[in-house]
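Before anything else, here's the structure in question.
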Amino acid sequence: MAAFQEQVVYQIYPKSFRDSNGDGIGDLRGVTEKLDYIRSLGADYIWLTPFFPSPQRDNGYDVADYCAVDPMFGTMEDMEELLQEASARGIALMLDMVFNHTSTAHRWFQRALAGEKQYQDYYFFRDGTPDAPPTNWQSKFGGSAWAYVPELGKWYLHLFDVTQADLNWENPTVREELKKVIRFWQGKGVKAFRFDVVNLISKPDVWEDDPSGDGRRFYTDGPRVHAYIQELVRDTGLSEAVTVGEMSSTSLAHCLRYTQPENGELSMAFHFHHLKVDYKDGDKWQLQPPDLSRLRELFDTWQTGMARGGGWSALFWCNHDQPRIVSRLGDDRRCWKESAKMLALCLHLMRGTPYIYQGEELGMTNACFDRIEDYRDVESINYYRILSSSGLSHEDVMDRLQARSRDNSRTPMQWSAGPCAGFSSGHPWIPLSHGRREANAEAEEQDPLSILSFYRRLIALRKSRPVIGKGGIRFLFPDEPGVIVYERTSDTETLLAACNFTSEERILPLSGEWASAELLLDSYEQPPEIAFHSLRLKPFEGCALLKG
Ligand code: GLC
Ligand code: CA
C-alpha cells in the first residue's frame, strides 16, 4: 500500500500564513520559520498554494510564470531553502499546478494578443463580433465566460476571472510546455503536486449554448480528460509522486477512474459534494441550514463507493476557497472546542488522506467582516455587485458574503494573541478575523485539551492504528437524524466513530460488545456514557471507540 494512505497533508496559503519581513504579506521565509510547528503537528506534506509571479487578481491562481517565485513571496533561493529545511524535518512539499488556465499576463497570452497565431492556439480564441459571444457559458466568478479582444476581432474563453484564460490542451505543444513545468520543479526536488481544477482541462469539440445551465456539463470531466492526465503522468514519471486533483462538480464514476492505481492517473481526488449541503438549490449564494441527512448520505455514497472501486479520496472540510468549518457545521459560540474536535474526528477517521488547512487545527472561525471594503477576494467582490444589482438589500448581500466568502479562510493565521495575531509586524494585506482570537497557536500549544492538541492526537492515531489507513468502511444508523456513525474494520480490529452534529443530546442503540471497548478519543473532556446497549452523545460530541 502506498504510504500516502497513512499520511496527512497541511495546506498553507502563504499570503496569510506568516510574514517574515513586515510588509504585511506572508512569504516563503515565513513558512520556513514555522516548519517546526508543522512537524510537531505530525503532517507529512505541505501543500503550498501558488507563489509564482502573478498579478494576484485571484491571489496567485492567475499564474504569469510557472517556473519562478513572485518577489512578493521571496526568491528562488528562499524556495530552495524551504524545500531543504522541510525535507530535513521529514516534510515534503506539494506544489500547486494551475494548468487549466494562465494569467493573461503570461508571455504566452501576451504573444497571442500581439497576433502570433501559434500562441493564439495555446488558448481558445474564436472569431466573432462584440455582441455575440461564442456560447452563453458563465464564468465561475460571475458574468460571461468569454471576453472580447477588439484588436483581434476575437473572443477568448475564461471559465474563471477575465484575466485567467483557459489553456487549449487539445494543442500538443501546450501539453509539452506543461510537462516542462513539472520537470522543472522535479529538478528542484519536488515530489508531490496538486492540480488545480484539473477535471476542466478537456473542452468539447463543438461549442454550443447550454440551454439550462452555465455550460459546465460540456467541459466538466470532459471528453479527453483521462487521456490528458495519463499522458502527463506517464511522460513526467508522476506515478512515483503523490498527486491530487481538484475535481469541480465531478462524479463518483470519474473520481474512481482518476484514482484507481491501475489507470496511471492520480493518487487521489478532491470532490466537493459534502460542502454543498448548505447551498439552496445548489446555489452557493443562497443560504440554507445544512441538510445533515444529505451530508450523511453523501459521505456514505462516496466513501463506500470509492472503497468498493479501489479509488482514493482527499478528505477535507476546509481550504482557501471554503468558509471555516467550525462556523459552518459546528457551533463556534456555545460549543466551539467540542464541535471543532468532533468535526476533525469525523473526517480524519474516514477512508482517505486528510488535509488540514492552516488555522483549522486551532479552530479558527469565519472572518465576520461587516464592511465590503474589508473583502479582497475577486469572487466575493464580483458577487457583491451581481447580488446587489439583482435587487437584494446591502444587509442581505453582506449576510451572504459573511457566510460564503472565500475570505473567511484567508484572514491571517493566528499565531498569538499579540498584535496582528503574530502574523506580521506590519499592516496585513487583509484584516484579521473578527471571530475568536483565542484560537491561536501560542495559547493552544501548551494546553492538552486544546483543539490543536486534539489534532495532534488524531494524526498520531492514524499512524499507530493501521485500520484507519487500510480498513474498510461501513456507515451505520442511516435514519438517525443529525448523527454520522461509521465503522472501520480490519482483520484484527474494529473502530467506531460516532459524531453528533446537532445541539441536542442523541442516544444511539449500540450492541453490547462495545460496552468494554477502548475509548480512543472524545471531543469532550467527559467521556460519553456507554451503557450496555446504548451510547449517549452530548451536543456536538464525537468519539472513537476501538475493539479488538
Ligand atoms: C481552484 C482554486 C481557487 C481558484 C480557482 C481558479 O478552485 O482552489 O482558489 O480561484 O481554482 O484557479
Ligand atoms: Ca512579507
Side-chain angles (χ1 to χ4, degrees), residues 11-34 47-52 54-64 66 69-75 78 82 94-104 106 139-142 145 157-167 193-201 216 219-220 244-250 269-272 275 284 314 316 318-323 355 357 376-383 405-410 412-413 420 422-430:
Q11 183 193 351
I12 292 183
Y13 198 66
K15 207 171 180 178
S16 300
F17 189 63
R18 163 73 191 149
D19 170 23
S20 71
N21 63 354
D23 65 358
I25 302 171
D27 43 51
L28 295 179
R29 300 189 81 159
V31 178
T32 308
E33 259 181 44
K34 297 296 185 183
W47 156 23
L48 197 58
T49 67
F51 51 81
F52 315 107
S54 157
Q56 296 285 316
R57 277 277 305 194
D58 187 19
N59 280 342
Y61 281 92
D62 45 332
V63 180
Y66 293 105
V69 174
D70 194 299
M72 178 174 105
F73 290 119
T75 62
D78 295 338
L82 170 56
M94 173 185 275
L95 297 199
D96 206 328
M97 299 288 111
V98 190
F99 284 174
N100 177 65
H101 44 265
T102 73
S103 165
T104 50
H106 196 288
S139 149
K140 296 190 186 265
F141 292 164
L157 179 70
H158 63 90
L159 295 182
F160 294 89
D161 185 56
V162 57
T163 65
Q164 291 167 302
D166 282 59
L167 279 167
F193 296 91
R194 172 209 186 241
F195 293 96
D196 191 62
V197 291
V198 68
N199 67 326
L200 310 185
I201 58 178
R216 70 183 65 192
Y219 55 74
T220 299
V244 57
E246 184 198 23
M247 306 303 175
S248 169
S249 305
T250 187
F270 287 112
H271 39 82
F272 293 83
L275 293 177
K284 167 170 174 170
F316 69 107
C318 298
N319 65 30
H320 62 290
D321 297 328
Q322 298 290 332
Y355 284 64
Y357 176 68
R376 299 288 178 271
D377 170 31
V378 53
E379 182 196 43
S380 306
I381 294 167
N382 284 352
Y383 270 96
S405 170
R406 305 193 298 176
D407 282 337
N408 279 312
S409 58
R410 298 176 181 185
M413 171 76 172
C420 205
F423 162 68
S424 170
S425 59
H427 184 73
W429 70 278
I430 185 171

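Counting starts at 1 for both ligands and their atoms, following the listed order. We use all heavy atoms of the structure for the numbers below, so side chains are in, but hydrogens, waters and symmetry mates are not. Everything numeric in this text was worked out from a predicted model, so none of it was measured.
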Report summary line: Within the 3.0 Å cut-off the protein N, O or S neighbours of the Ca ion (ligand 2) are D19 OD1, N21 OD1, D23 OD1, I25 O, D27 OD2
Requested in this report: Look at the side chain of N382 and the backbone N and O of F141, then say whether any donor-acceptor pair between them is shorter than 3.5 Å.
Outcome: yes
Report task. Specify whether F272 and F316 have parallel, tilted or perpendicular ring planes, treating 30° as the upper limit for parallel and 60° as the lower limit for perpendicular. Result ->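 Answer is perpendicular, since the angle exceeds 60°.
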Requested in this report: Kindly determine whether L28 and R18 satisfy side-chain contact (heavy atoms from CB on, under 4.5 Å), including the steps that lead there.
Outcome: CA-CA 8 Å; L28 295 179; R18 163 73 191 149; over 6 Å; no
Requested in this report: Kindly tell me which protein residues have any non-hydrogen atom under 4.0 angstrom away from an atom of ligand 1, grouped by chain and ordered by number?
Outcome: D58, Y61, H101, F141, F160, Q164, R194, D196, V197, E246, H320, D321, R406, R410
Query raised in the report: Within the distance-only criterion (no hydrogens, no angle test), does the side chain of D62 pair as donor or acceptor with the backbone N or O of S54 below 3.5 angstrom?
Result: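 Checked: no pair found.
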Query raised in the report: Hey, what's the ring geometry for Y66 with H106, parallel, tilted or perpendicular (30° and 60° as the breaks)?
Result: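 Ring orientation of Y66 relative to H106: tilted.
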Query raised in the report: CG/N408 to CD/Q322 distance, rounded to the nearest 0.5 angstrom?
Result: 10.5 Å
Query raised in the report: Do the side-chain N and O atoms of Y13 and N59 include a donor-acceptor pair separated by under 3.5 angstrom?
Result: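 A donor-acceptor contact under 3.5 Å links the two side chains.
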Requested in this report: Check the pair F51 / D27 against side-chain contact (heavy atoms from CB on, under 4.5 Å), numbers first and verdict last.
Outcome: CA-CA 8 Å; F51 51 81; D27 43 51; over 6 Å; no
Query raised in the report: Can you tell me how far CD of E246 sits from CG of D96, rounded to the nearest 0.5 angstrom?
Result: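 Nearest 0.5 Å value for the CG-CD distance: 8.0 Å.
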